[in-house]
Amino acid sequence: MHVVTRFAPSPTGALHLGSARTALFNWLFARHHHGTFLLRIEDTDRERSTETSVQAVFDGLKWLNLTWDQEVVFQFSRAAMHVTAAHQLVEKGKAYYCYATPEELDQMRAEAKAKGLPPRYNGLWRNRSPNEAPSGVRPVVRLKMPQQGATHVDDLVQGPVTVSNAQLDDMVLLRSDGTPTYMLSVVVDDHAMGITHVIRGDDHLTNTFRQLQLYEALGWTPPQFAHIPLIHGADGAKLSKRHGAVSVDSYRTLGYLPEAMCNCLLRLGWGHGDDEIIAREQAIAWFDIAHVGKAPARFELARLDHLNAHYMRAIPDAELAERLKPFLAISLNEKQHQRLLKSLPSLKQRTKTLIDLAKMATPYLTEAPLCYTTEALEVLYSPGNRAIIDGIFPLLAASTWTAVALETTLREFTEAKSIGFGKVAQLLRWALTGCKVSPGIFEVLEALGQSESLARLQSACDPKGG
RNA sequence: GUCCCCAUCGUCUAGAGGCCUAGGACCUCGCCCUUUCAAGGCGGCAACACGGGUUCGAAUCCCGUUGGGGACGCCA
């Protein structure tokens, strides 16, 4: 069987983490089975769909490297086909025109609720002739759902689930303006596009029963369903804006790598033994629906941080430098680029995001004289410390510029003067980077190069402040 | 309110009746390494929600309770 999956977001906002995971699972499932992964934009809600949101979906998927096969399908452009399907159902007596007004609907829901029943449409026009239609009311088309029995689904994740048909009311297929609803469009499109597996959030599980009835009425074989649990925030509720950054794009802006994001999303609700770091190819090889859990998972930033730190270290320095560039305040000249490359191996051990890395790399990219913080100035102004710098300066000026030679030079100096090596190293760190924390001091010296290092020491002896 | 789903360390999870005195990872704590901070290494803390069954044996199967979540639109 040739597997065909789809990711079908509605373009009504940024690409949500939960949606991204749904896309990932669909993509992985298709790739694992050498199948096809399709993208369909569900833009039938003309009020809320925006071009910006469509672009956000494209950008997000591309960033995550979730490439889709074939042309993007815009659902609204297929509306005519959906409408035709609805009209056929009316002709066959499987759907009907309903002239109930919004007020009437509100009332019947309120009444049902008062009786302890689920708030549903009561079938007011199910058996009435359109001849009785009130003038001036444009009707909707509703599906005639079975009122007896039950609807059953064998969900790939949720297992067998049955719902009494009494719980289901006659859903709207065509709005009063004649446009198709989501329920109609998904079914017609999934069928037309040959979707074999619908993998989506389990907030759609209850919709599935209605859709199954629609497949039945249309005489089509439904696809297989896999309803994956939602992603929750720290408080255990469905991840939403109030949990903070919730869009894929915001994590890109925050300096996370798509590799880390995908790995993180993958492990939310799916596992493979003790494996934690799972790169793309491995994920394709291992991914299966059978190991998708049924319980919702909470998204925690600490995990993403950890994975991001890992992937930053794993990426080759030249590539990391390229990815870092958008986060740098300045555009690099060749000299700065070389310095960045030299400093990256040790810098990337110390940071979790590209933003952190950019911040920590900055001292390497600027030119002497440095602008020191007051904290730095306090250290540098201290008379004893200035004497030390004065003592070191000529030694460094005469030294060979390799980490090994520099270490020998400095060790000899501290031993001769009986100063703790750590004290000198920390002082040099302040003078050379203006920071309290940096990679090993010899690495710093080497990455900066002799002339820049000496220039900085000089500026440290005559600090301007900043 | 009605229906549906879920339940292993704080978090993500492994676990398909004996391999479980429950494993890994994140977080956290301690130690080692050490010129700072990291990284790395070693170690500690920490969980089968509760109650009944079934079984020689249950984290695993069944029932109930509790707790959580989701869905109930002319949104998707």
Asks: Return yes if the base of B/A71 and the side-chain atoms of A/N207 contain a donor-acceptor N/O pair under 3.5 Å, otherwise no.
Replies: no

Asks: Give a yes or no on whether A/K359 atom NZ has more than 12 heavy-atom contacts from other residues, nucleotides or ligands under 6.0 Å away.
Replies: no

Asks: Produce a footprint string for nucleotides 32-41 of chain B: one letter per nucleotide, 5' end first; B if the base is under 4.0 Å from any protein heavy atom, S if only the sugar-phosphate is, - if neither.
Replies: ---BBBBSS-

Asks: Determine the interatomic distance between C1' on B/A14 and the same-named atom on B/A47; round to the nearest Å.
Replies: 13 Å

Asks: Less than 3.5 Å between a donor and an acceptor, one on the side chain of A/T206 and one on the base of B/C4, is that the case here?
Replies: no

Asks: Reckon A/H272 touches a base, only the sugar-phosphate, or nothing at all at heavy-atom distances under 4.0 Å?
Replies: nothing

Asks: Could you check which of B/C6, B/C12, B/A76 has an atom nearest any side-chain atom of A/D45?
Replies: B/A76

Asks: Pair A/N26, A/H197 - check side chain to side chain donor-acceptor pair (under 3.5 Å), show working.
Replies: CA-CA 8 Å; A/N26 274 286; A/H197 298 261; over 6 Å; no

Asks: Below 3.5 Å, does any donor atom in the side chain of A/D274 face an acceptor in the base of B/G23, or the other way round?
Replies: yes

Asks: Does the ring centre of A/Y182 sit less than 6.0 Å away from the ring centre of A/H204?
Replies: yes

Asks: Output the rounded distance in Å from CZ (A/R303) to C1' (B/U28).
Replies: 14 Å

Asks: Could you tell me if A/W270 and A/D288 have a donor-acceptor pair between their side chains, going purely by distance under 3.5 Å?
Replies: yes

Asks: Working to the nearest 0.5 Å, report the span between CG of A/L380 and CZ of A/R386.
Replies: 8.5 Å

Asks: Take atom P in B/C50 and the same atom in B/U8, then report the distance between them in whole Å.
Replies: 11 Å

Asks: Is it true that a side-chain atom of A/H32 and a backbone atom of A/A285 form a donor plus acceptor pair closer than 3.5 Å?
Replies: yes

